[in-house]
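Report on the following structure.
Please read these numbers as outputs of a predicted model, since none were measured by experiment.
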Amino acid sequence: MALSQPEGAWRDFVDHAFFAPCARHAAACSARDSTTNWWSFTSHQPACSVCVAGSPLETYIQVRRSSYHDVVKMADISRFADIAGIQGYTINSSKVIFLRRRPQPRPPKGAVGASLCSVCSRHLQDVSQFCSLQCKLDSMAGVKHVSLRAVDTAAAASAEALSTDSSGACSARSGGPDTPLHPASLRALEAATASDSECMAEYHGPPTKRRKGCPLRAPSE
């Protein structure tokens, strides 16, 4: 894989969390304009649309998002690296590749892919060698195998932590189901319940017994 940049710079590019607010322009610009969805191969730093404005685009590459995963157009990244062997996907009429490997908790249903990723063994649509740019970099570094279960476990742990924080915040606001009540409040609640029951009994009166009536017969002819 011919790289126009050092391998460490590509690692920074692949591992970076894009679509975060720009540290330089988030306060002065809108959220859409100050989102970091560009990468500069000159400074090896993320950039937003305001950073890119007025600069030559030849040194930048735009990162896009597909189903919460970062992708880049094959036409854009091919200017900086040889991406042969990486599985390409058609999204919105454009050929793209994924920056990082994605979790695959179970094999795909139906027809099995034409090949497997040589690093993470993910099923691929075409006869390719890698599922993402990350797997190709790992292969160049001598990594033999990475389990997708570990990727899925990390994603599940992150989602579980986020869910725990959200539920904890909701419980703190609402008092939570396990919040103990004051004894005086309990006595007031029991008194109110007993009073309501007595009022309902006085309103309806004692229960009355109803006799079953005699069945009506058809008149004889």
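Here the side chains of Gln87 and Gln125 are in contact, with some heavy-atom distance below 4.5 Å. Looking at heavy atoms from C-beta onward, Val71 lies out of side-chain contact with Leu99 at the 4.5 angstrom threshold. Residues Ile97 and Lys136 are not in side-chain contact: their nearest non-hydrogen atoms beyond the backbone lie 4.5 Å or more apart. Under the 4.5 Å side-chain criterion, counting only non-hydrogen atoms from C-beta, Thr35 is not in contact with Pro21. Trp38 is listed as a side-chain neighbour of Ser49, based on a closest heavy-atom distance under 4.5 Å. Side-chain contact between Leu116 and Arg122 is absent, with no heavy atoms from C-beta onward closer than 4.5 Å. For the pair Cys117/Gln129, no side-chain contact is recorded, criterion being any heavy-atom separation below 4.5 Å from C-beta on. Using a 4.5 Å heavy-atom threshold, the side chains of Ile83 and Met74 count as touching.
From His145, atom NE2 reaches atom OG of Ser139 across 13.5 Å, with rounding to the nearest 0.5 Å. From Ser121, atom OG reaches atom NE2 of His123 across 8.5 Å, with rounding to the nearest 0.5 Å.
Note on Leu133 and Tyr60: separate hydrophobic clusters, where clusters join Ile, Leu, Val, Met, Phe, Trp and Tyr whose side-chain heavy atoms are under 4.5 Å apart, directly or indirectly. The hydrophobic clustering, which links ILVMFWY residues whose side-chain heavy atoms are closer than 4.5 Å, places Phe80 and Val52 apart. Note on Ile77: it clusters hydrophobically with Phe19, by side-chain heavy-atom contacts below 4.5 Å among ILVMFWY residues.
Not a single donor-acceptor pair under 3.5 Å links the side chain of Ser132 to the backbone N or O of Phe98. Panel note: side chain Arg11, backbone Leu137; a donor-acceptor pair is recorded below 3.5 Å. No donor-acceptor pair under 3.5 Å is formed between the side chain of Arg101 and the backbone N or O of Cys120. Distance alone, capped at 3.5 Å, places no donor-acceptor pair between the Asp126 side chain and the Ser128 backbone.
Pairing each heavy atom of Cys51 with each of Cys22, the nearest pair is SG-SG, 3.8 Å. Here the closest non-hydrogen pair linking Val127 and Ser115 is CA-OG, 3.6 Å. Here the closest non-hydrogen pair linking Cys131 and Leu124 is CB-CD2, 3.6 Å.
The list of salt bridge (charged side-chain N to carboxylate O under 4.0 Å, His left out) pairs with a residue in residues 56-66, not counting sequence neighbours, reads Arg64-Asp76, Arg65-Asp70. The stretch residues 12-23 participates, sequence neighbours left out, in no side-chain hydrogen bond (donor to acceptor under 3.5 Å, both in side chains) pair at all.
Among residues two or more places apart in sequence or in another chain, the side-chain contact (heavy atoms from CB on, under 4.5 Å) test is passed with Ser43 by Ser40, Gln45. Evaluation of the side-chain hydrogen bond (donor to acceptor under 3.5 Å, both in side chains) rule for Ser30 yields Asp33 as partners, not counting sequence neighbours. Residues that satisfy the side-chain hydrogen bond (donor to acceptor under 3.5 Å, both in side chains) test with Tyr89, not counting sequence neighbours, are Arg102. Looking at residues two or more places apart in sequence or on another chain, you find a ring pair (Phe, Tyr, Trp, His ring centres under 6.0 Å) between Phe13 and Trp10, Phe18, Trp39, Phe41.
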* Asked: So Val72 and Ile61, side chain to side chain contact (heavy atoms under 4.5 Å, CB included) or not? Walk me through it.
  -> CA-CA 8 Å; Val72 291; Ile61 186 171; 4.2 Å; yes

